[in-house]
Protein chains: 2
Amino acid sequence: MKKTPHATLADVAREARVGTSTVSRVIRGGARVSPDTLERVRAVIRKLDYQPNDAARILKGERTKTIGLIVPSVADPFFAICAEAAQETSRSHGFLLIVTCSNNDPRVELENLNKLVQRRVDGLLLAPAASRNEELVQILNRASIPVVSFDRPIHDSLIPSVVSTNFKGAKEATRHLISHGYKRIVCLGMKGEDSLYTNKERIRGYRTAMQEANLPPKVDVSINNYESAELALKAYLYGVNPPDAIFAIRNLLTIYIFEALHKLRVRIPKKVALVGFDDFQLASTVNPSITVVKQEMELMGKMAAELLFEQLTLKHQSSSKMTNGADSSGVRWLETELIVRESCGCRSNSSFNSPRK
Amino acid sequence: MKKTPHATLADVAREARVGTSTVSRVIRGGARVSPDTLERVRAVIRKLDYQPNDAARILKGERTKTIGLIVPSVADPFFAICAEAAQETSRSHGFLLIVTCSNNDPRVELENLNKLVQRRVDGLLLAPAASRNEELVQILNRASIPVVSFDRPIHDSLIPSVVSTNFKGAKEATRHLISHGYKRIVCLGMKGEDSLYTNKERIRGYRTAMQEANLPPKVDVSINNYESAELALKAYLYGVNPPDAIFAIRNLLTIYIFEALHKLRVRIPKKVALVGFDDFQLASTVNPSITVVKQEMELMGKMAAELLFEQLTLKHQSSSKMTNGADSSGVRWLETELIVRESCGCRSNSSFNSPRK
DNA sequence: CTGAAAGCGCTTACAG
DNA sequence: CTGAAAGCGCTTACAG
């Protein structure tokens, strides 16, 4: 008995009195092996509880059958849902998924990326902290590892991406508020996140709509957490020229703001209207129900993963550009949808107001 | 120029005109290498953009520095938060985290487990589908891989676990409802999940409290999704002997039920009271705010991961039993907390009712 | 159908 | 401080 916790292929070969090549063939399906031998080797494999060591296979040049995922946070419902979809797609292809979190910090992101490269993942799914990152693109190119970015594109690269129509969605949401007659619409974001592609696009959409209507845009991206949301709202609502509507550009923030308004006993939409970006559980059930711009979260994760596997499959074939459904910069756009509920000032409409699935 | 996308250690050695051992030493910190050589080798590493191939290291017997995680779903907020904590702890130890989902299916779980064993993960974090699973325990023992289970223990094994006091929390919640004077309290669960350890414990807690009060327990674990929640509630509320209180034993279910009651315009708690298991975003803000049994989700993930790394560290040292904080069966209990809000019938109390962090 | 042998890219005594 | 060489556990021509 060896000390090793795992039996090796050589152990099996010895026990079955065959060569290692034969055992290898058996493991890989049993082609070109006589029924007798096949049977015997399989029995030994079972007896020894033999599990091939992936490291050796990988070293021989096989694929690692591993995908790397880099997201800001898996605790964020948005990325949790994307991650689940990516893991499911990976599993269906027989791949494993390594999940890392960047916290939107480019340095952490790069660290994670390097680790994944050392691990020789076959492909990478990435929601990049910054849409411009030469170093990242360079590493990706040098490692020549297939990548798909999602939620946010990577500029100046040929990296395909799956991205929601953030600009359009935000513009539409803002226009909707404007159509209600609100004039002092403030756009709220979270601290340190205003440089994220998605938030920039949403802010740009907001600004565009405001400018079109000749209204003064006001953007505040100083909110940190629930407490600071409450503080900011107090300052706004009890200050001079208080806003009559709020556009919250991200899932958690909408909830914080709703909670804070609720606690401050501020009437929505009478005193201030509210529209959020990202739909969420209970958005249709709270009082008032919350109007939001909805993204296709699950589809985003799934599509990104499937795009990656397309590349993986095509990798050794013709390097066709694979632009199906993508625009000239390689972006697949996922349509957002304005879900009109009550917080924007629309009347309650039970048919619009039923809970989601 | 080789065809390989990655430079190898030998490439570096050749280019730097040193032996491979020296390069290896440089990579591993540079001990016992002259400053000159160190400098030169490092320059070449940079120039060639050399990244060690983990597979080769692993094959040489080094640890994979990888933890495997098996959860029912990462899209579930509970496990998403656990996963985030586990990933963060792993990262702080320089480890990568492979995330797999079992969907609570023991077969999928076993598949994932085998894949992770082949990958030679150094440790495993597991929320097991079933608390009794001989095959699983056997594989774990044979692979002699350190494991920590969480959310649910694994019986008949020495596997340490981190588990909430589900029984106690459910009993307390039910007692609270009883203390309000409710007599017909129904316990609702989701289809196919009644065999899960956590749900069994919660149901047991409910039953115990009911029996203590000489009330007839009624358990219904047939709910599939939002629609079936609505259907079930209709049947209950418009049927004979309708319940006057509901105990929902799981996060999503509480939300479904709240949404359905809301849609059916059933007054809470006047017509039926509601207590849920698991706190969630907006639970304190909806109207009425929802009384829940709260679990320490983040702590659970973190503690499980830390326990695992303790084992990893101690592995080659004395195999002391490591029972700090654990009971005789190796379970660390995490206290649940009843967060009293309005849906149980308690009066609104703003100090109890402020949004969480 | 079968097996001996080379080699994947590292690490690690060992000898200098 | 340095390097030649063996070996980790597989796969894969190659020869039989």
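Naming: A, B, ... by sequence-line order, numbering from 1 per chain.
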Using a strict cut-off of less than 4.0 Å between a Lys/Arg side-chain nitrogen and an Asp/Glu carboxylate oxygen, indicate whether A:Glu88 and A:Arg91 qualify as a salt bridge.
yes
Whole-Å distance, A:Arg14 CZ to C:dG3 P, equals 14 Å
- Item | Side chain to side chain, A:Asn133 and A:Glu109, heavy atoms closer than 4.5 Å | yes
Correct closest heavy-atom pair for B:Tyr50 and B:Thr8 would be CE1-C, 3.4 Å
Looking only at heavy atoms, the pair that brings B:Leu312 and B:Asp122 closest together is CD1-O, 3.4 Å
Atom CG of B:Leu9 and atom C1' of D:dT2 are separated, to the nearest Å, by 14 Å
Annotated structure of DNA chain D as dot-bracket, pair cut-off 3.5 Å, Watson-Crick or G-U only, | for inter-strand, is |||.||||||||.|||
Given the P atoms of D:dA6 and D:dT2, what is the spacing between them in whole Å? 23 Å
- prompt: Going by heavy atoms in the side chains, are A:Leu140 and A:Leu113 under 4.5 Å from each other?
  reply: yes
The correct set of residues in residues 43-61 of chain A placing a heavy atom under 4.0 Å from DNA chain C is A:Leu59, A:Lys60
A:Asp11 atom CG is separated from D:dC10 atom C1', nearest whole Å, by 13 Å
Heavy-atom closest pair (B:Arg152 atom, B:Ala127 atom, distance to 0.1 Å) is NH1-O, 3.7 Å
Are B:Asp156 and B:Arg132 ion-paired here, with the side-chain N under 4.0 Å from a carboxylate O? yes
Q) Considering only heavy atoms from C-beta outward, does the side chain of B:Phe79 approach that of B:Asp151 to under 4.5 Å? A) yes
Taking the C1' atom in each of C:dG16 and C:dT12, what is the distance between them to the nearest angstrom? 16 Å
| task | Find out whether B:Glu135 and B:Leu110 are in side-chain contact, i.e. whether some heavy atom of one side chain is under 4.5 Å from a heavy atom of the other. | result | yes
In numerical order, the residues of residues 19-37 of chain A whose heavy atoms come under 4.0 Å of DNA chain C are A:Gly19, A:Thr20, A:Ser21, A:Thr22, A:Arg25, A:Arg32, A:Val33, A:Ser34, A:Thr37
Q. Is B:Arg332 paired with B:Glu306 through a side-chain N to carboxylate O contact shorter than 4.0 Å?
A. no
To the nearest angstrom, the CZ-P distance between A:Arg63 and D:dT11 comes to 15 Å
When rounded to whole Å, the CD to C1' distance for the pair A:Glu62 and C:dG7 reads 14 Å
Closest non-hydrogen atoms of A:Leu124 and A:Leu308, given as atom of the first, atom of the second and distance, are N-CD2, 3.7 Å
